[in-house]
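Note that these values count all heavy atoms, side chains included, but never hydrogens, waters or copies made by symmetry. In what follows, chains are A, B, ... by sequence order, proteins preceding strands, each numbered from 1.
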Number of protein chains: 2
Amino acid sequence: MESRIERIKKQLHSSSYKLTPQREATVRVLLEREEDHLSAEDVYLLVKEKAPEIGLATVYRTLELLTELKIVDKINFGDGVSRYDLRKEGAAHFHHHLVCIECGSVAEIEDDLLEDVEQIVERDFNFKIKDHRLTFHGICYRCQEKEQKEDEQ
Amino acid sequence: MESRIERIKKQLHSSSYKLTPQREATVRVLLEREEDHLSAEDVYLLVKEKAPEIGLATVYRTLELLTELKIVDKINFGDGVSRYDLRKEGAAHFHHHLVCIECGSVAEIEDDLLEDVEQIVERDFNFKIKDHRLTFHGICYRCQEKEQKEDEQ
DNA sequence: ATTCCTGCAAAATGTTTGCAGTCAG
DNA sequence: CTGACTGCAAACATTTTGCAGGAAT
């Protein structure tokens, strides 16, 4: 069984890039924190724990490279910070996000909910879709419960 | 018939803000360029043509205010720049965008295509949706035609 | 030797803030 | 007079770049 990291290594090689120790450390952090949506700074601090000599610029360059190769997705929730998110393997499309406007938590949805919508857009607007980004802003179930309890009192 | 600007004025007043000349000039630019997706800098330069004494900070403060009052939407297409887009009057939801990865053009879709999807999300994920952002990345019809012609040669 | 990659520092970019002055009620 | 608003400049945060040195082939 080939590991995820080895497959990423091959992806890099097939575009004539190397998996240097710094790049590997960065990828490992992203793998370990797959559920999160880390900023470049976050990644930098976590990588620094394993490889203290790494520079922030290298992290940026690595994340840019991984974005180019579609290994990670660069997203932006409206605060001024870019966040980086590993693509699920084999996922043709970007996954969707549920951002809670109360607590700021971010959940992911893997389901491809947009097939019908994309058909409509491609047909009606004659637009050839390559990718999409869908984010819902609202209130997560935890904050809903919290509000209910407060109302009861 | 009440003008759009007057209605915006009332919206400001009802939250105890004034429609100062600078704010009015800013809103007028947004009205005139409703189809575009202007950055703060873009807005600043256009406002400066009418009111050269205005400062960039004022434009930022005005755009922030208008965003707060949901008169404009602040959007981000992944380059590091925030763009500002007048909300259609009465639109409960953010409209959608088609971003062309060839020429960078941005088209808007007013149709609410997400009603079904939102029902699924609210039910399956127990998430109370307040707003959404949907952007498709792909190739617009103009660039598709261009590519076809190149292929024919 | 050549090419790619790195760390550091400096620069660039986009946005926010502090402050003194202005304006309207 | 008071509070809201403004322009300017400085500060700030994030990201990118230039460069000299290093590692791999």
- Message: Just the rounded figure in Å: distance from C1' of C/dG14 to CG of A/Asn76.
- Response: 12 Å
- Message: Check this for me: does any side-chain nitrogen of one of A/Arg4 and A/Glu34 sit under 4.0 Å from a carboxylate oxygen of the other?
- Response: yes
- Query: In whole Å, what is the span from the NE2 atom of B/His13 to the C1' atom of D/dA4?
  - Reply: 12 Å
- Task: Examine C/dT6: is either OP1 or OP2 under 4.0 Å from a nitrogen or oxygen in the side chain of A/Thr20? Give yes or no.
- Result: yes
- Rounded to whole angstrom units, what separation is found between the CG atom of B/Asp79 and the P atom of C/dT13? 14 Å
- Report the nucleotide, chosen from D/dG7, D/dT14, C/dT15, that has the shortest atom-to-atom distance to any side-chain atom of B/Ala40. C/dT15
- Item | Whichever of B/Lys48 and B/Tyr17 has its nearest DNA chain D nucleotide further upstream toward 5' | B/Tyr17
- Task: Rounded to the nearest angstrom, tell me the gap between atom CD in B/Glu53 and atom P in D/dG7.
- Result: 6 Å
- Query: Once you round it to whole Å, what is the distance between C1' of C/dT13 and OH of B/Tyr44?
  - Reply: 16 Å
- Quick one: on DNA chain C, does B/Glu41 or A/Ala51 contact a more 5' nucleotide (nearest heavy atom)? A/Ala51
- Could you tell me whether the side chain of A/Lys48 reaches within less than 4.5 Å of the side chain of A/Tyr44, counting heavy atoms only? yes
- Message: Keeping A/Glu110 on the side-chain end and A/His95 on the backbone end, is there a donor-acceptor pair under 3.5 Å?
- Response: no
- Does A/Arg28 pair with A/Glu24 as a salt bridge, N-O distance under 4.0 Å? yes
- Sub-3.5 Å donor-acceptor pair from the side chain of A/Arg83 to the main-chain atoms of A/Phe77, do we have one? no
- Message: Please confirm whether the shortest side-chain N or O distance from A/Thr58 to OP1 or OP2 of C/dG7 is below 4.0 Å.
- Response: yes
- Message: Side chain of A/Val81, heavy atoms from C-beta onward: which of D/dT15, D/dC5, C/dC5 has the nearest atom to it?
- Response: D/dT15
- For atom CG of B/Leu19 and atom C1' of D/dT6, their distance in whole Å: 15 Å
- Item | Contact under 4.0 Å: A/Ser82 side-chain N or O vs D/dT15 OP1/OP2 | yes
- Round to the nearest Å and state the distance from B/Leu63 atom CG to C/dG14 atom P. 15 Å
- Query: So, A/Arg133 and A/Asp85, do they make that salt bridge, N to O below 4.0 Å?
  - Reply: no
Pick out the pairs of N or O atoms, protein on one side and nucleotides 16-23 of chain C on the other, that lie under 3.5 Å.
{"residue": "C/dG18", "atom": "O6", "partner": "B/Arg61", "partner atom": "NH1", "Å": "3.4"}

- Counting only heavy atoms not in A/Lys50, do more than 12 fall under 6.0 Å of its NZ? yes
- Between C1' of C/dG14 and CZ of B/Arg83, the distance in whole Å: 12 Å
